[in-house]
Amino acid sequence: MSATGDNPAKEARRGEILDAAFEEFSAHGYAGASMAAIARRAHASKETLYAWFENKETLFNTLLASRLDGIASRVTVVAQRDPSPANVLPAIAEDVIRLELATAPLGHAMGAGESTDAALRLVGQTIGEWRARFVEYIERCRAGGYLAFDDDPFEIVSLFVAMAQGEWGLRLATGMLDQVTDEMIAAHAQRVTRLFLKGLAPEK
């Protein structure tokens with residue numbers, strides 16, 4: 001259950017504050033952001049922020065968790081409908097890209113030497129759990145005859161993730177792209193899946 005319970009209005013307001021915090025951290029970094037500036041950006045009082053978030057670190061960690069929460073849940077729904085890798089891997093690839101895009105600004109905001117160990121542990125824990133589920137999935141695909149490989153399953157997963165990540169962050173940071181659209185993400189996910197499955201296709 002969320003900190004706002006079952007009150008939709010409070011939940012929506014909390015979401016607005018987290019969006020404002022995201023903008024402030026992304027624009028000024030962790031050190032440069034302040035609860036007062038976030039409150040101004042969210043058109044809220046500092047008292048409101050402190051009622052929900054103990055301090056800036058708690059707000060930052062809550063923000064990061066909100067960006068990570070639910071990104072991979074869609075894959076479960078997709079797999080229940082059709083567990084074949086041709087159907088599931090594009091959804092995983094899209095989630096990889098969205099995870100990178102969602103966390104990249106916050107990663108830059110952390111800054112060297114800042115007290116963000118909890119946030120870094122959260123990212124590492126989330127990615128670790130997600131990778132473990134992915135490894136289990138491709139092992140099931142191998143057992144079911146969908147994929148054929150002799151390498152370490154974790155390395156196979158890492159290869160797919162690297163292919164999915166591509167250079168989206170670099171392209172955005174260097175101005176090669178102004179934005180990444182849903183259509184671009186979907187097309188890249190399908191392309192990565194085709195290449196990946198071609199390399200791991202069972203012999204006929």
**Transitive ILVMFWY side-chain link Leu177 to Leu170, under 4.5 Å** = no
Note, [X] side chain near [Y] side chain (heavy atom, < 4.5 Å):
X	Y	result
Val161	Arg131	yes
Leu89	Phe134	yes
Leu147	Ile156	no
Pro85	Tyr137	yes
Glu155	Phe160	no
Trp52	Arg13	yes
Pro153	Arg142	yes
Arg98	Ile185	yes

If I compare all heavy atoms of [X] with all of [Y], which pair ends up nearest, and what's the gap?
X	Y	answer
Pro90	Ala189	O-CB, 3.4 Å
Ile38	Ile17	CG2-O, 4.3 Å
Arg41	Ala27	NH2-CB, 4.3 Å
Val96	Ala164	CG1-CB, 3.8 Å

Ignoring hydrogens and geometry, is there a side-chain-to-backbone donor-acceptor pair from [X] to [Y] under 3.5 Å?
X	Y	value
Lys56	Ala33	yes
Asn87	Asp82	yes
Tyr146	Ala201	no
His188	Met163	yes
Thr48	Ala44	no

With rounding to the nearest 0.5 angstrom, report the [atom1] to [atom2] distance, [X] to [Y].
X	Y	atom1	atom2	result
Ile92	Trp130	CD1	CH2	6.0 Å
Glu23	Leu63	CD	CG	10.5 Å
His28	Glu24	NE2	CD	4.5 Å
Glu167	Thr174	CD	OG1	8.5 Å
Arg171	Asp178	CZ	CG	13.0 Å
Ser45	Met35	OG	CE	10.5 Å

**Prompt:** Under 6.0 Å between ring centres, would you say that holds for Phe60 and Phe53?
**Reply:** no
**Request:** Would you sort out whether Thr62 and Arg14 count as a side chain to side chain contact (heavy atoms under 4.5 Å, CB included), showing the intermediate values?
**Result:** CA-CA 11 Å; Thr62 303; Arg14 182 174 180 272; 3.1 Å; yes
**Asked** Distance only, no hydrogens: is a donor on one side chain within 3.5 Å (strictly under) of an acceptor on the other, for Arg133 and Thr76?
**Response** no
**Message:** If we count only N and O atoms by modelled type, under 3.5 Å, do the side chains of Thr58 and Asn55 hold a donor and an acceptor together?
**Reply:** yes
**Request:** May I ask you to check whether over 12 heavy atoms, not counting those of Asp152, lie within 6.0 Å of atom CG?
**Result:** yes
**Message:** I'd like to know whether CD of Glu16 has more than 12 heavy-atom contacts from other residues, nucleotides or ligands below 6.0 angstrom.
**Reply:** yes
